[in-house]
Amino acid sequence: IQLELAQGACNAILYYGKAGRFDELEAWGAILQEQAVRFPDEAAIQLELAKGAFNAITDYGKAGRFDELEAWGTILREQGGRFPGEAAIHRMLAKGA
């Protein structure tokens with residue numbers, strides 16, 4: 001159930017970002033970050049955080065909202081540093097660079 005919540009939050013970030021609804025993006029982003037904190041050893045949840053961060057970076061970049069882009073970029077870089085052996089997280093990091 002916790003992974004499904006993280007996946008749902010990641011999806012919400014994607015769709016709210018595409019719609020330019022950044023308040024909702026941030027609300028779901030907070031839920032996703034909370035899940036990652038609650039389950040620090042769950043690689044699948046940590047991957048969802050990396051995906052969500054990548055999605056947020058993409059949409060904030062398109063909107064020219066660089067402070068928010070940088071904040072989510074920091075989250076993505078931290079994920080890469082915390083999980084050096086997780087190839088999927090590093091793919092997100094490479095795509096977001």
Side-chain angles (χ1 to χ4, degrees):
I1 294 209
Q2 301 306 320
L3 176 57
E4 291 172 352
L5 176 58
Q7 290 169 331
C10 183
N11 287 336
I13 289 170
L14 173 67
Y15 293 113
Y16 280 124
K18 285 183 178 188
R21 294 177 59 176
F22 296 113
D23 289 340
E24 291 93 337
L25 180 156
E26 288 296 328
W28 282 103
I31 292 169
L32 183 53
Q33 290 178 67
E34 180 181 305
Q35 287 297 97
V37 168
R38 287 183 61 209
F39 302 97
D41 298 324
E42 291 291 329
I45 290 175
Q46 301 304 320
L47 176 58
E48 292 303 315
L49 179 57
K51 289 178 182 178
F54 170 77
N55 292 337
I57 288 167
T58 300
D59 292 317
Y60 278 129
K62 288 178 183 176
R65 295 179 62 160
F66 299 110
D67 290 340
E68 293 94 338
L69 181 154
E70 191 57 38
W72 281 98
T74 297
I75 292 168
L76 184 54
R77 286 189 302 275
E78 288 173 355
Q79 286 298 90
R82 287 185 57 224
F83 299 94
E86 291 291 331
I89 288 174
H90 283 269
R91 277 193 293 281
M92 290 292 107
L93 182 58
K95 287 171 59 175

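The chain is numbered in sequence order, starting from 1. Bear in mind that the values here come from a model prediction, so they are computed numbers and not experimental data.
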### Query
Quick one: do Phe39 and Leu5 end up in the same hydrophobic cluster if we chain Ile, Leu, Val, Met, Phe, Trp and Tyr together by side-chain heavy atoms under 4.5 Å apart?
no
### Query
Listed by chain and number, what are the salt bridge (Lys or Arg N to Asp or Glu O under 4.0 Å) partners of Arg65, not counting sequence neighbours?
Glu68
### Task
Apply side-chain contact (heavy atoms from CB on, under 4.5 Å) to Gln2 and Ile45, showing your working.
CA-CA 8 Å; Gln2 301 306 320; Ile45 290 175; 4.2 Å; yes
### Task
Mind listing the closest non-hydrogen atom pair of Ala53 and Ile75 along with its distance?
CB-CG2, 4.2 Å
### Message
Could you measure the distance from the CG atom of Leu14 to the CZ atom of Phe54? Nearest 0.5 Å is fine.
### Response
9.5 Å
#### Entry: Point-to-point distance, once rounded to the nearest 0.5 Å, from CG of Leu49 to CD of Gln33
6.0 Å
### Message
Just verifying a value: how many Å separate Tyr15 OH and Asn55 CG, rounded to the nearest 0.5 Å?
### Response
9.5 Å
## Note on the structure
Here the pair of heavy atoms bringing Leu76 nearest to Met92 is CD2-O, 3.6 Å
### Query
Taking all non-hydrogen atoms of both residues, which atom of Gly80 and which atom of His90 are closest, and how far apart?
O-NE2, 3.1 Å
### Query
Under 4.5 Å between side-chain heavy atoms, hopping through other hydrophobics if needed: is there a path connecting Phe83 to Leu3?
no
### Task
Just do the side-chain contact (heavy atoms from CB on, under 4.5 Å) check on Glu48 and Leu32 with the steps written out, would you?
CA-CA 8 Å; Glu48 292 303 315; Leu32 183 53; 4.1 Å; yes
### Query
Taking all atoms of both residues into account, what is the closest heavy-atom pair of Asp59 and Lys18, and its distance?
OD2-N, 3.4 Å
### Query
Shortest non-hydrogen contact from Gly52 to Ile13?
O-CG2, 3.5 Å
#### Entry: Side-chain heavy-atom pair Glu86, Leu47 within 4.5 angstrom cut-off
no
### Message
Return the CD to CD distance between Glu4 and Gln35, rounded to the nearest 0.5 Å.
### Response
11.5 Å
### Task
Apply the test side-chain contact (heavy atoms from CB on, under 4.5 Å) to residues Gln46 and Ile89: give CA-CA distance (whole Å), side-chain angles for both, the deciding distance (0.1 Å), then the verdict.
CA-CA 8 Å; Gln46 301 304 320; Ile89 288 174; 4.2 Å; yes
### Task
Find the distance between CG (Leu25) and CZ (Phe22) and round it off to the nearest 0.5 Å.
7.0 Å
